[in-house]
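Values in this document were obtained by computation on a predicted structure and should not be read as measured data.
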Amino acid sequence: MSDFSRLSLNSATTKYWTLEQVIDGCVRTGIPAIGPWRDRVAEVGTERAAKLISNAGLRVSSLCRGGFLTASDQEGREAAVQDNRAAILEAEILGTGELFLVVGGLPAGDRDIVAARQRVADRLGELVPFATEHGVRLVLEPLHPMYAADRALLSTLGQALDLAAPYPAAAVGVAVDTFHVWWDPQLREQIARAGRENRIASYQVCDFNMPIAADALLSRGIMGDGVIDFATITGWVADAGYTGDIEVEIFNQQIWDNPGDELLETIKNRYASLVLPWAKR
């Protein structure tokens with residue numbers, strides 16, 4: 001029997017399911033944790049979402065997402081801080097200590113990436129005390145460089161760790177998402193560094209499909225469908241001391257269009273064969 005005790009389903013993987021359907025699917029297929037997105041939580045309300053998840057016997061591995069901190073105007077900066085504070089409170093109510101931050105890309109018409117990255121650092125400094133007060137760790141997620149302009153100016157794990165460095169590990173962590181970081185020639189060293197610094201807050205797995213979809217956001221696949229070496233990366237994460245949940249997060253139109261229960265069984269099978277054997281060292 002495979003051990004699925006660390007497996008978590010990110011709700012984006014079953015895009016067309018309501019939160020209740022995601023919860024029911026996890027219960028039916030024996031997946032013990034869920035990583036909800038805020039839009040699904042908002043549909044039922046945070047308090048009710050927390051009760052639904054808890055009553056089903058599931059745990060919340062993380063909340064997606066806060067971030068988008070690069071606005072250059074005062075109104076945009078204030079709106080970003082307000083939204084992220086709301087997300088922190090939602091994470092607290094849901095019972096997870098991990099709030100993902102997708103930091104944002106370049107504002108429209110802006111080409112100064114250096115200044116935009118500094119604004120991310122500045123906003124992070126504003127948010128850390130509030131998050132710490134509520135027992136929530138801000139999780140910096142580096143995204144693949146093809147998303148630097150519109151989604152995340154953090155492209156490498158090393159950049160995320162440098163941004164986290166001024167703060168305690170309990171306040172700011174990093175996510176290792178195979179889709180986004182598999183290509184990085186410094187990945188082994190940076191995962192080891194993240195382990196030494198106790199900053200690995202989440203390990204997310206999905207594959208990098210080729211060819212790239214017309215909408216690059218939808219190029220993620222089920223483990224084994226693309227080019228990623230899960231044995232090697234999972235082994236590095238295990239060697240770094242990470243023993244937390246392993247989330248499956250997939251954005252893919254074909255996968256979204258297929259029956260959800262079949263998808264969850266496939267995810268479990270691929271997890272058992274491609275990820276789990278290397279998750280412990």
_Spatial distance of atom CD (Q21) from atom CG (D261) [nearest 0.5 Å]_ = 10.0 Å

*Which atoms form the tightest heavy-atom contact between A164 and V172, and what is the distance?*
CB-CG1, 3.5 Å

*Derivation of the side-chain contact (heavy atoms from CB on, under 4.5 Å) call for N84 and L69*: CA-CA 9 Å; N84 279 273; L69 306 172; 3.4 Å; yes

*Provide the closest heavy-atom pair for V136 versus I88 in the form atom of the first, atom of the second, distance.*
CG2-O, 3.7 Å

*ILVMFWY network linking V139 to I246, side-chain heavy atoms under 4.5 angstrom*: no

*Among residues two or more places apart or on two chains, list those pairs meeting salt bridge (charged side-chain N to carboxylate O under 4.0 Å, His left out) that have a residue in residues 32-50.*
E20-R48, R38-D83, R38-E90, R40-E43

*Nearest 0.5 Å, what's the CG-OG distance between D245 and S5?*
8.5 Å

*Under 3.5 Å, side chain of T46 to main-chain N/O of I93, donor-acceptor pair present?*
no

*Could you list all the ring pair (Phe, Tyr, Trp, His ring centres under 6.0 Å) pairs where at least one residue sits in residues 19-71, not counting sequence neighbours?*
W37-F251

Distance-only donor-acceptor hits, side chain of residues 186-194, under 3.5 Å, sequence neighbours excluded:
residue	atom	partner	partner atom	Å
Q190	OE1	R193	NH1	3.2
R193	NE	E197	OE2	3.0
R193	NH1	D162	OD1	3.1
R193	NH2	D162	OD1	2.8

*May I ask you to decide if E249's main-chain N or O and R220's side chain share a donor-acceptor pair within less than 3.5 Å?*
yes

*Working for side-chain contact (heavy atoms from CB on, under 4.5 Å), residues I34 and L19*: CA-CA 10 Å; I34 178 175; L19 181 65; 3.9 Å; yes

*asked:* I need the full list of side-chain hydrogen bond (donor to acceptor under 3.5 Å, both in side chains) pairs touching residues 200-213, with sequence neighbours left out, sorted by first then second residue.
replied: Y203-T234, Q204-E247

_If I compare all heavy atoms of P142 with all of V181, which pair ends up nearest, and what's the gap?_
CG-CG1, 4.1 Å

_What verdict does the side-chain contact (heavy atoms from CB on, under 4.5 Å) test give for W256 and L218, after you've listed the backbone C-alpha separation in whole Å, the side-chain angles of each residue and the deciding distance to 0.1 Å?_
CA-CA 10 Å; W256 289 339; L218 305 184; 3.6 Å; yes

*Does T96 reach the main-chain N or O of A91 with its side chain, forming a donor-acceptor pair under 3.5 Å?*
no

*About how many Å separate CD1 of I222 and CD1 of I255, when rounded to the nearest 0.5 Å?*
4.0 Å

*Please examine the side chains of Y271 and S273, heavy atoms only from C-beta on, and report whether any two atoms are closer than 4.5 Å.*
no

_R85 side-chain N/O to L127 backbone N/O, donor-acceptor pair under 3.5 Å_ = no

Could you go through residues 98-108 and list every donor-acceptor pair under 3.5 Å that involves a side-chain atom there, pairing it with any protein atom two or more places apart or in another chain?
residue	atom	partner	partner atom	Å
E98	OE1	R137	NE	3.0
E98	OE2	R137	NH2	2.9

*Under the side chain to side chain donor-acceptor pair (under 3.5 Å) test, which residues partner R6, sequence neighbours left out?*
none

*Rounded to the nearest 0.5 Å, how far does CG of L274 lie from CG of D229?*
10.0 Å

*Using the test salt bridge (charged side-chain N to carboxylate O under 4.0 Å, His left out), find all partners of D110 that sit at least two apart in sequence or belong to another chain.*
R119

_Please list all pairs meeting salt bridge (charged side-chain N to carboxylate O under 4.0 Å, His left out) that have one or both residues in residues 62-78, counting only residues at least two apart or in different chains._
none

*Residues that F208 engages under ring-ring contact (aromatic ring centres under 6.0 Å, His included), provided they are two or more places apart*: H144, F179, W182

Validation: residues 147-158 side-chain donor-acceptor distances under 3.5 Å, sequence neighbours left out:
residue	atom	partner	partner atom	Å
Y147	OH	A216	O	2.6
T156	OG1	Q159	N	3.0

_Using 0.5 Å steps for rounding, measure from the OG1 atom of T14 to the CG atom of N258._
12.5 Å

*asked:* Measuring from atom CG of L263 to atom CH2 of W17, what distance do you get when rounded to the nearest 0.5 angstrom?
replied: 7.5 Å

*Looking only at heavy atoms, which two atoms of A49 and L94 are closest? And how far apart?*
CB-CD2, 4.0 Å

*Residues which pass salt bridge (charged side-chain N to carboxylate O under 4.0 Å, His left out) with D122, listed by chain and number, not counting sequence neighbours*: none

*Grab the two heavy atoms, one from L9 and one from I31, that are nearest each other, plus how far apart they are.*
N-CG2, 3.9 Å

*asked:* I want to check something: taking the side chain as every heavy atom from C-beta on, are D257 and Y16 in contact at a cut-off of under 4.5 Å?
replied: yes

*Evaluate the side-chain proximity of L124 to Y167: yes if any heavy-atom separation is below 4.5 Å, no if none is.*
yes

*Over all heavy atoms of both residues, which pair between P36 and S62 is shortest? Give the atoms and the distance, please.*
CD-O, 3.1 Å

*asked:* Whether the side chain of K268 engages the backbone of T29 through a donor-acceptor N/O pair (distance < 3.5 Å, no angle test) should be reported.
replied: yes

*So with a 6.0 Å cut-off around CD of Q254, is the heavy-atom count from everything else above 12?*
no

_Within one Ile-Leu-Val-Met-Phe-Trp-Tyr cluster: M223 and W278, side-chain cutoff 4.5 Å_ = no

*Sequence neighbours left out, what passes salt bridge (charged side-chain N to carboxylate O under 4.0 Å, His left out) with D225? Give chain and number order.*
R270

